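As a basis for the values below, the full set of heavy atoms in this structure was taken, side chains included, without hydrogen atoms, waters or symmetry mates. This one's a predicted model, so the numbers in the text were calculated from it and none came from an experiment. Start at 1 and go down the list; that is how both ligands and their atoms are numbered.
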Amino acid sequence: MRKSLTLSFVLASAAVLFAAASNAPSFDPERIRAHIKYLASDELEGRGMNQKGGDAAAQYLADQFKSYGLKPAGDNGTYFERVPMVGVQTQPDTSFTLVPNSGSPVPLKILDDYVTTNETQTPVADFDAPIVFVGYGITAPEYKWDDYKGVDLKGKVALLYVSEPISDDPTFFKGKTLTYYGRWTYKFEETARHGAVATLIIHRTDLASYGWSVVRNSWGGEKSFLKLDGTPKLEAASWIQQDVARKLVAMGGLDLDKLFQEAQSRDFKPIELPVKLKAHVVSSVKPFDSRNVVALLEGSDAAKKAQAILYTAHYDHFGIDQTKPAGANIYHGAVDNATGCAILLDLARVWASTKPAPPRSILFAAVTAEEQGLLGSEFLGKHVAQLPVQPILDLNYDALAPLGLPEEVEVAGAERTSFYPVVEQTAKDFHLAIRPDARPEAGHYYRSDHFSLGRVGIPAFSITEGMKFQGHDASWGEAQAKDYVDHRYHEPSDQYKPDMDFRGDALMAQFGYVLGQKAANAATIPVWLPGDEFEKAQKELTGGKK
Ligand SMILES: [Zn+2]
């Protein structure tokens, strides 16, 4: 009911034309508004994964794709790609005890001293294993860096620092810019690859760029994972407070600050401490399925249509929290990420009516479980082989401000690809300045869905507005962004408001359309630039073919 009402409203409204790129079809801010209004409504209950509202959102997206005439690109001729998942919640009877070779054991306090999750998805895990300090726990051949030096961690506990070696040199771990080697997700993945049974990341507010309370809050509740697929996992993926780490290494007669200094050197070697971690990890484990929604516009060139430009946006948000009072318990996620979904849908509509279709295909994926750690896109990336076409470029949309017409665009990560000159020229044609990442040390590139595609070798980045909007200076835009982060980000109050101005969202859709058009027509496919951390993955993915 609601859908047909909003659609008729949309058809009556005039499309807004942009002077910026007159050869590109126009995108309609009012259609975008109608999608957002519906996706962020109470009826959709915050689009929670494994909840009624999330399922309704997925169905809506599939229905829209179908109405535009796009082909299903999911499982068994449907628009849905099943994403098998597991919810894991660490129980309070979990225990960690530090047991020195001599002296008395020291029990740790869960949530105050440490947080942990059993990634192996078993209800109980017990181990009593020696702790090895591995510095940053990084293996990065391109920087001639190996913290492991051949030491086998099989059945052991890795103790390490978050982040990466301190550097101002842009050719060494990209200077101040955080590379993936510095992210906590990498630490768990890499130590598991080295056979570790558990990993303790030492939390330092300055290195992590967030306090212990953030760690505690985000790890205290249920965490979702993709169902096990053979990737090595930890029985206790953990963070510990720096003071606890200090006591721990002191039990072995060592000084944490000195160890940190030693970890800055290429010559660093792992140090086995005379201390064991005795752990009993109890978890509730609940399997469930979620879905990505995938649709295809087939390319017109027989030789090229096996390749596709991929557009992505996550549709999940935090759903409804039944423990909170009605009226204040729906996480509407209007900006995050009904905006991205609405842009994805309008791109799908316009692409579907593009005649003739471009030589390469166009693929659309509304992904699930972004808020749980980019899981839907991770599944999509790990299973690109099961898609009907091979994505060669991913353009992602995540939380675009409804603040009017931007004079800047952000495309962080695009500069790492051979596609960047095209992006620069297109921005110029749109009279948009490219706004550089204001805080490269925070590693934003690794916190949105494009990263899941980037890491499997597909050049990928997000498109969003910068801070400078027409009629305002950049400080106004920054103040709006801060207001959003302080008052609405990941809160029930991220709600649709009639005074939201979606002209910028429509412009970002048009910008992405033009980029997609250029990539779909180009003689060669975009590549990660030589020396990039994802160059190797792309070579593996494409088998060296360009
Ligand atoms: Zn979010």
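Considering all non-hydrogen atoms of both residues, Ile362 and Ala308 come closest at N-CB, 4.4 Å.
None of the N, O or S atoms belonging to Glu370 lies under 2.8 Å away from the Zn ion (ligand 1). Among the backbone and side-chain atoms of His317, none of the N, O or S atoms lies under 2.8 Å from the Zn ion (ligand 1).
The shortest side-chain heavy-atom distance between Tyr60 and Leu39 falls under the 4.5 Å cut-off. Looking only at side-chain heavy atoms (C-beta outward), Arg204 and Val162 stay at 4.5 Å or farther from each other.
Within Asp336, the N, O or S atom lying nearest to the Zn ion (ligand 1) carries the name OD2. When distances from the Zn ion (ligand 1) to the N, O or S atoms of His490 are compared, NE2 comes out shortest.
Taking the six-membered ring for Trp and thresholds of 30 and 60 degrees, Phe534 and Phe451 have ring planes inclined between 30 and 60 degrees apart.
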